[in-house]
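Below you'll find the structure, written out as structure tokens, and then a few comments.
Everything numeric in this text was worked out from a predicted model, so none of it was measured.
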Amino acid sequence: MPQVHFVNVIKIARLFRLLKLRQKMARYTQYTSVVLILLMSVFILMAHWMACIWYLIGQVEMENKPYNWDVGWLPRLGNRINMPYHAVGAVNATSGGPPIRSIYIASLYFILTSLTSVGFGNVSANTDAEKIFSICIMVSGALMYALVFGNVTAILQGMYSHFSPNHARTKDLKNFMHVYKLPNPLRLKMLEYFQTTWSINNGIDINEVLKDFPDELRFQFTTHVHLDILELSLFSSASRGFLRSLSLHIKSSFCIPGDYLLRQGDPLQAIFFVCSGSMEVLKDGIYLTTLGKGDLIGANLSLDNLVIKTNADVKALTYCDLKCINLKGLYEVLDLYPDYSQEFCQNVQQGLAYNLREGHETHVEAELPTTTLETQVGTIQRDVAELGQAMKRIAHLMETFMSTAPQPAVDGGEALQISGSSPQTELGRANSRQNQRL
């Protein structure tokens, strides 16, 4: 049988050097998978050390007892698997017995069952030393079980914790819609908007996250996040300070298909930049143009007239991701940089894909045909009405002409000239006006 050397057992203490890894692993503790692996590794390592001690207790007791001693767990294990120990020469010398591999597996099995439960009794403590060590295992096992597996449970719950607020807010939203008895189309739109925005930002409020950070870090973050809009040509000559201040007033927005971003006649409160998706511009229900990725929607700015009424509707055709610059915050930033204010207002007017200021004609409208279908229908209706009035006048003149006494042709012509124009002249004038309009 292999002899146990205490010097080799003491070398196991070198494993305590693993504690030095704690400082290096601290930076990775925010990763739940790393923490889970570390906890399980510590649990297995402690079980290995206890299994070695359990084997050592059984070996030492068997060497200090007579050759026919079979009370300890090692002799009983050998008898159970038909590999008993035999006395050799000296009183305490033995041979035979299970192989070291089977002994280690049985020892580790007993330790794990003792740490995680009360054991199954097939490997049990019989001597006083074995019972004392088993008591220590049970006490330490209760603490390790609570520590390791309690943390594992907390980690697993944390991995799915971000789903809980989603479910809670969805439930609150459904209760809200039920209390106020909202119609089904409106309910579907609200649920779709909520689920889509949640899938984009996972319910994270950027302002809540950044409120504890210094201004410099907030500037760097907002500049990085809104870099796509700050790199537009209208900001090419802006100073770094202007861009940093403006970045704090840029917000992200989202539109679902069929949703109106702006309504005609409403005051304009922001300038919008289309990051993705497509939108259409409607004026009095008539299609004007389509806006897509990279387009800027707003109005020409004036430092004197701050109220801007929109001249058209802007409707989302697809899911649209937008960046919006709040006009109130924009004017505050322009007040801080008065030298750049006029230049910025000119750049905005040139960079707009569509100008929403009421009463302003954009290049998009200029490119449209001068007469639309509704305009043509209205013109034809007016011409028909004028033609009807001309025919009534002609009929009235004919009645007047027929009711008068017969006179010479010259006198009749003079009478006609006195009374007005001839019927042919009136009809010709009406046809001429209609041809001019058509």
Taking atom types as modelled, find out whether Gln346 and Gln350 have a side-chain donor-acceptor pair closer than 3.5 angstrom. no
Salt bridge (Lys or Arg N to Asp or Glu O under 4.0 Å), that's the test. Do Glu216 and Arg244 meet it? Break it down for me. CA-CA 9 Å; Glu216 181 61 28; Arg244 289 174 54 188; 2.9 Å; yes
Any donor and acceptor pair, going by atom type alone, linking the side chain of Thr310 with main-chain N or O of Arg263 inside 3.5 Å? yes
Between Thr223 and Gln220 (side chain of the first, backbone of the second, donor and acceptor by atom type, cut-off under 3.5 Å), is there such a pair? no
Residue pairs, two or more places apart or on separate chains, that pass ring-ring contact (aromatic ring centres under 6.0 Å, His included) and touch residues 205-229: none
What I'd like to find out is whether the side chain of Leu232 reaches to under 4.5 Å of the side chain of Phe273, using heavy atoms alone. yes
Could you tell me the separation between the SG atom of Cys255 and the CG atom of Leu261, rounded to the nearest 0.5 Å? 4.5 Å
Got a donor-acceptor contact below 3.5 angstrom from the Asp295 side chain to the Gly292 backbone? yes
So do the side chains of Asp259 and Cys320 get within less than 4.5 Å of each other, counting heavy atoms only? no
Find out whether Trp49 and Ile44 are in side-chain contact, i.e. whether some heavy atom of one side chain is under 4.5 Å from a heavy atom of the other. no
Of the non-hydrogen atoms in Gly72 and Glu130, which two are nearest, and what is the gap between them? CA-OE2, 3.7 Å
Using every non-hydrogen atom in the two residues, find where Asn300 and Asn355 come nearest and quote the distance to one decimal. OD1-ND2, 3.1 Å
Would you say that Ser140 contacts Met46 through its side chain, given a criterion of any heavy-atom pair below 4.5 Å between the two side chains? no
Note, Pro75 side chain near Leu77 side chain (heavy atom, < 4.5 Å): no
Provide the closest heavy-atom pair for Ile325 versus Leu330 in the form atom of the first, atom of the second, distance. CG2-CB, 4.2 Å
To the nearest 0.5 Å, what is the distance between NZ (Lys283) and CG (Asp313)? 11.0 Å
When you check the side-chain N and O atoms of Glu343 and Tyr337, is any donor under 3.5 Å from an acceptor? no
Are side-chain N/O atoms of Thr127 and Glu61 paired as donor and acceptor at under 3.5 Å? yes
Please step through side-chain contact (heavy atoms from CB on, under 4.5 Å) for the pair Leu301 and Ile308, ending with a clear verdict. CA-CA 8 Å; Leu301 302 180; Ile308 302 174; 4.1 Å; yes
Could you name each residue pair satisfying ring-ring contact (aromatic ring centres under 6.0 Å, His included) that touches residues 169-193, not counting sequence neighbours? Phe176-Tyr180
Side chain proximity check, Ile297 to Val281, heavy atoms < 4.5 angstrom: no
Please evaluate residues Trp54 and Leu108 with respect to the criterion side-chain contact (heavy atoms from CB on, under 4.5 Å), reporting the C-alpha separation (whole Å), side-chain torsions for both, the decisive distance (0.1 Å), and the verdict. CA-CA 9 Å; Trp54 177 249; Leu108 185 61; over 6 Å; no
Check for a donor-acceptor pair, side chain of Thr318 on one end and backbone N or O of Ser278 on the other, with a separation under 3.5 Å. yes
Verdict with reasoning, Met50 to Leu115, per side-chain contact (heavy atoms from CB on, under 4.5 Å): CA-CA 10 Å; Met50 291 181 180; Leu115 290 174; 4.1 Å; yes
With a 4.5 Å cut-off on side-chain heavy atoms, are Leu327 and Leu268 touching? yes
Say you draw a straight line from CG of Leu173 to CG of Leu182; how long is it, rounded to the nearest 0.5 Å? 9.0 Å
Can you name the nearest heavy-atom pair linking Phe272 to Ala270, along with the distance? CE1-O, 3.5 Å
Ser341 (side chain) donor-acceptor with Leu334 (main chain) under 3.5 angstrom: yes
Exercise: identify the closest heavy-atom pair between Gly58 and Trp73: CA-NE1, 3.5 Å
How long is the span from the CG atom in Leu227 to the OG1 atom in Thr222, to the nearest 0.5 Å? 11.0 Å
Side-chain (Asn326) to main-chain (Lys328) donor-acceptor, under 3.5 angstrom: yes
Residues Ile250, Val225; criterion side-chain contact (heavy atoms from CB on, under 4.5 Å); working and verdict: CA-CA 10 Å; Ile250 301 177; Val225 172; over 6 Å; no
Can you name the nearest heavy-atom pair linking Ile57 to Ala129, along with the distance? CG2-CB, 4.1 Å
Pairwise side-chain contact, Phe133 with Ile135, heavy-atom cut-off 4.5 Å (strictly under): no
Rounded to the nearest 0.5 Å, what separation is found between the NZ atom of Lys323 and the CD1 atom of Ile271? 15.0 Å
Return the CG to CG distance between Leu186 and Asn184, rounded to the nearest 0.5 Å. 9.5 Å
So the side chain to side chain donor-acceptor pair (under 3.5 Å) pairs with at least one residue in residues 98-109 (sequence neighbours excluded) are His48-Tyr104, Tyr109-Asn122
Parallel, tilted or perpendicular: which fits the ring planes of Phe242 and Phe235, with parallel below 30° and perpendicular above 60°? tilted
